[in-house]
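Heads up, the thing below is written out as structure tokens.
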There are 2 protein chains.
Amino acid sequence: MTKDERLQWFEATLEQAGMRRTLPRRILLRLLAASERPLSAQDIYEQTESDINLVTIYRTLNELTRLELLIRTEFGEGFYRYEPAPGPSDTDHHHHLVCDSCGSIADFEGCMVDAMLTQTTIPHNFQVASHTLTLHGTCERCQTSPK
Amino acid sequence: MTKDERLQWFEATLEQAGMRRTLPRRILLRLLAASERPLSAQDIYEQTESDINLVTIYRTLNELTRLELLIRTEFGEGFYRYEPAPGPSDTDHHHHLVCDSCGSIADFEGCMVDAMLTQTTIPHNFQVASHTLTLHGTCERCQTSPK
DNA sequence: TTCGGTGCAAATACTTTGCACCCTT
DNA sequence: AAGGGTGCAAAGTATTTGCACCGAA
């Protein structure tokens with residue numbers, strides 16, 4: 001899924017949900033789609049140079065997460081980070097590598113959890129819809145020069 | 001590891017760290033060791049019938065987490081939950097099944113992530129120390145009578 | 001024109017900190 | 001006796017809510 005396809009899907013989903021295509025929403029989606037790593041509300045606030053009210057950012061993030069256009073994750077920092085969802089027909093998703101030393105967050109492609117789950121007995125007849133996997137450890141930079 | 005062994009390990013670790021064996025700490029450890037599921041600070045506060053100050057609970061949870069006696073996890077609720085750590089010589093750990101309908105949290109034993117990782121290339125030479133896996137979905141009860 | 005969206009101010013939720021007193025060692 | 005631990009009050013972050021105005025459809 002290219003960046004343009006993603007933005008198009010975003011706009012189509014907004015329309016389909018009867019939501020207006022406003023400036024804050026488009027700026028925010030564009031920002032998240034372009035980002036290398038999950039962004040917090042504060043991150044977005046700073047990157048938009050305060051053009052968008054922080055409250056609007058929170059409200060927009062909630063709306064877009066509800067529409068499943070965004071994924072919300074907490075990495076042990078005390079606040080949430082958001083990133084674009086994989087997309088509807090996209091079975092591909094990624095997870096994250098969190099450096100416990102410097103706090104950097106990198107993507108980790110090639111998830112094998114779904115394959116793993118087919119070989120595992122899930123207790124209580126629990127019906128799995130999705131999963132979150134986060135690997136904690138030390139990034140390359142911090143291995144050579146620890147903070 | 002039995003419940004008694006665990007409590008003993010807790011006390012030994014406290015002593016070794018030069019920390020005093022106080023009532024709040026023992027009550028809290030006992031409560032967590034006996035609990036079926038991860039507890040929040042608020043949960044603990046209610047279960048101790050307010051015998052322990054909420055601030056003390058927060059401080060104690062932080063201390064015990066720092067000593068790696070507890071594990072802290074966020075399940076998308078907006079606050080942290082705590083549970084006893086697997087233990088030093090214990091390679092066994094478990095993950096969680098979170099019902100998106102009723103919010104129940106159940107344990108999920110038999111983690112295969114470590115095995116999976118040996119067959120996976122981790123990018124950027126990232127050195128993995130630990131991981132967190134959470135399965136989201138619908139519990140048995142909510143499958144028959146959705147909320 | 002209509003009604004959803006935004007900004008501002010204030011409130012809420014969770015967690016941390018400062019300080020005096022308490023109690024384990 | 002000494003110093004870490006606790007409780008109380010207050011502060012600090014992250015996030016949400018109420019309400020009047022604004023602007024996309």
Side-chain angles (χ1 to χ4, degrees), chain A residues 10-32 38-67 69-83 103 105, chain B residues 10-32 38-67 69-83 103 105:
Chain A
F10 282 162
E11 307 251 322
T13 306
L14 281 187
E15 169 143 27
Q16 183 184 324
M19 290 173 65
R20 293 180 181 170
R21 214 174 306 134
T22 66
L23 195 60
R25 284 177 188 161
R26 259 183 293 176
I27 292 180
L28 199 142
L29 283 171
R30 192 156 309 209
L31 211 71
L32 283 162
L39 299 177
S40 68
Q42 191 62 45
D43 286 342
I44 294 170
Y45 185 62
E46 285 160 9
Q47 289 192 33
T48 52
E49 290 170 322
S50 316
D51 287 340
I52 309 176
N53 191 284
L54 187 56
V55 173
T56 300
I57 292 174
Y58 275 111
R59 264 191 291 233
T60 306
L61 289 172
N62 281 340
E63 289 294 291
L64 299 179
T65 302
R66 195 172 49 74
L67 292 178
L69 290 176
L70 298 182
I71 299 228
R72 191 185 77 168
T73 317
E74 205 277 343
F75 293 98
E77 303 163 303
F79 48 82
Y80 289 114
R81 291 186 175 276
Y82 298 80
E83 65 188 325
I105 301 171
Chain B
F10 282 162
E11 306 251 322
T13 305
L14 280 187
E15 169 143 26
Q16 184 184 323
M19 291 173 66
R20 293 181 179 167
R21 214 174 308 134
T22 65
L23 196 59
R25 286 179 187 160
R26 258 183 294 177
I27 291 179
L28 199 142
L29 283 172
R30 191 156 310 211
L31 212 72
L32 283 163
L39 299 177
S40 67
Q42 191 62 44
D43 286 342
I44 294 170
Y45 184 63
E46 284 160 10
Q47 289 192 33
T48 52
E49 290 170 322
S50 316
D51 286 340
I52 308 177
N53 191 284
L54 187 55
V55 173
T56 301
I57 293 174
Y58 275 110
R59 264 192 289 234
T60 306
L61 289 172
N62 281 339
E63 290 293 292
L64 300 178
T65 302
R66 195 173 48 75
L67 291 177
L69 290 176
L70 298 182
I71 298 227
R72 191 186 76 168
T73 317
E74 204 278 343
F75 292 98
E77 302 164 304
F79 49 82
Y80 290 114
R81 290 185 175 277
Y82 299 80
E83 66 187 325
I105 301 172

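Here is the naming used below: chain letters follow the sequence lines, and residue numbers restart at 1 for every chain. Since this is a predicted model, take the numbers as computed values, not measurements.
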Below 3.5 Å is the cut-off: list the nitrogen or oxygen pairs between protein and nucleotides 22-25 of chain D, distance only.
{"from": "D:dG23", "atom 1": "N2", "to": "A:Arg20", "atom 2": "NH1", "distance (Å)": "2.5"}
{"from": "D:dA25", "atom 1": "OP1", "to": "A:Arg21", "atom 2": "N", "distance (Å)": "3.3"}

From CD1 of B:Ile52 across to P of D:dG5 the rounded distance in Å is 15 Å

Just to verify, what does B:Thr56 make a side chain to side chain contact (heavy atoms under 4.5 Å, CB included) with, not counting sequence neighbours?
B:Pro24, B:Ile52, B:Asn53, B:Thr60

Sub-4.5 Å side-chain heavy-atom contact between B:Leu61 and B:Leu70
yes

Apply side chain to side chain contact (heavy atoms under 4.5 Å, CB included) to B:Arg59 and list each qualifying residue two or more places apart in sequence or on a separate chain.
B:Val55

Rounded distance (Å) that lies between atom C1' of D:dG4 and atom CD of B:Glu15:
15 Å

Heavy atoms only, 4.0 Å cut-off, all strands: where does A:Gly18 land among base, sugar-phosphate and nothing?
nothing

What residue pairs, at least two apart or across chains, pass salt bridge (Lys or Arg N to Asp or Glu O under 4.0 Å) with a residue in residues 42-55 of chain A?
A:Asp43-A:Arg81

Please identify each residue that fulfils side chain to side chain contact (heavy atoms under 4.5 Å, CB included) with A:Tyr45, with sequence neighbours left out.
A:Gln42, A:Ser50, A:Leu54, A:Ile57

Could you give the CD1-to-P distance, from A:Ile44 to D:dA14, as a whole number of Å?
14 Å

Checking B:Glu83 now: which residues fulfil side-chain hydrogen bond (donor to acceptor under 3.5 Å, both in side chains) with it, not counting sequence neighbours?
B:His94, B:His96

Check: B:Glu77 main-chain N/O paired with B:Glu74 side-chain donor or acceptor under 3.5 Å:
yes

The helix from C:dT1-D:dA25 to C:dT25-D:dA1: angle between terminal helix axes, five bp per end, to the nearest 10 degrees, reads 40°

Pairs touching residues 14-29 of chain B that satisfy salt bridge (Lys or Arg N to Asp or Glu O under 4.0 Å), sequence neighbours left out
B:Glu11-B:Arg21, B:Glu15-B:Arg21

Does anyone know the first and last nucleotide of DNA chain C in reach of chain B, 5' to 3', at under 4.0 angstrom to a heavy atom?
C:dC14 to C:dT25

Partners of B:Gln47 by side chain to side chain contact (heavy atoms under 4.5 Å, CB included), sequence neighbours excluded?
B:Leu31, B:Leu39

Spacing of B:Glu77 atom CD relative to D:dA14 atom C1', expressed in whole Å
17 Å

Would you compute the distance between atom CG of B:Leu29 and atom CD1 of B:Ile27 and round it to the nearest 0.5 angstrom?
10.5 Å

So, with a heavy-atom separation below 4.0 Å from DNA chain D, the residues of residues 58-66 of chain B are B:Arg59

On a heavy-atom basis, the closest approach of B:Tyr80 and A:Gly76 is OH-C, 3.7 Å

Let me confirm one number: the CG-OH distance from B:Asn62 to B:Tyr82, rounded to the nearest 0.5 Å.
5.5 Å

B:Ile27 CD1 - D:dG5 C1' separation (whole Å)
14 Å

Listed by chain and number, what are the side-chain hydrogen bond (donor to acceptor under 3.5 Å, both in side chains) partners of A:Thr13, not counting sequence neighbours?
A:Trp9

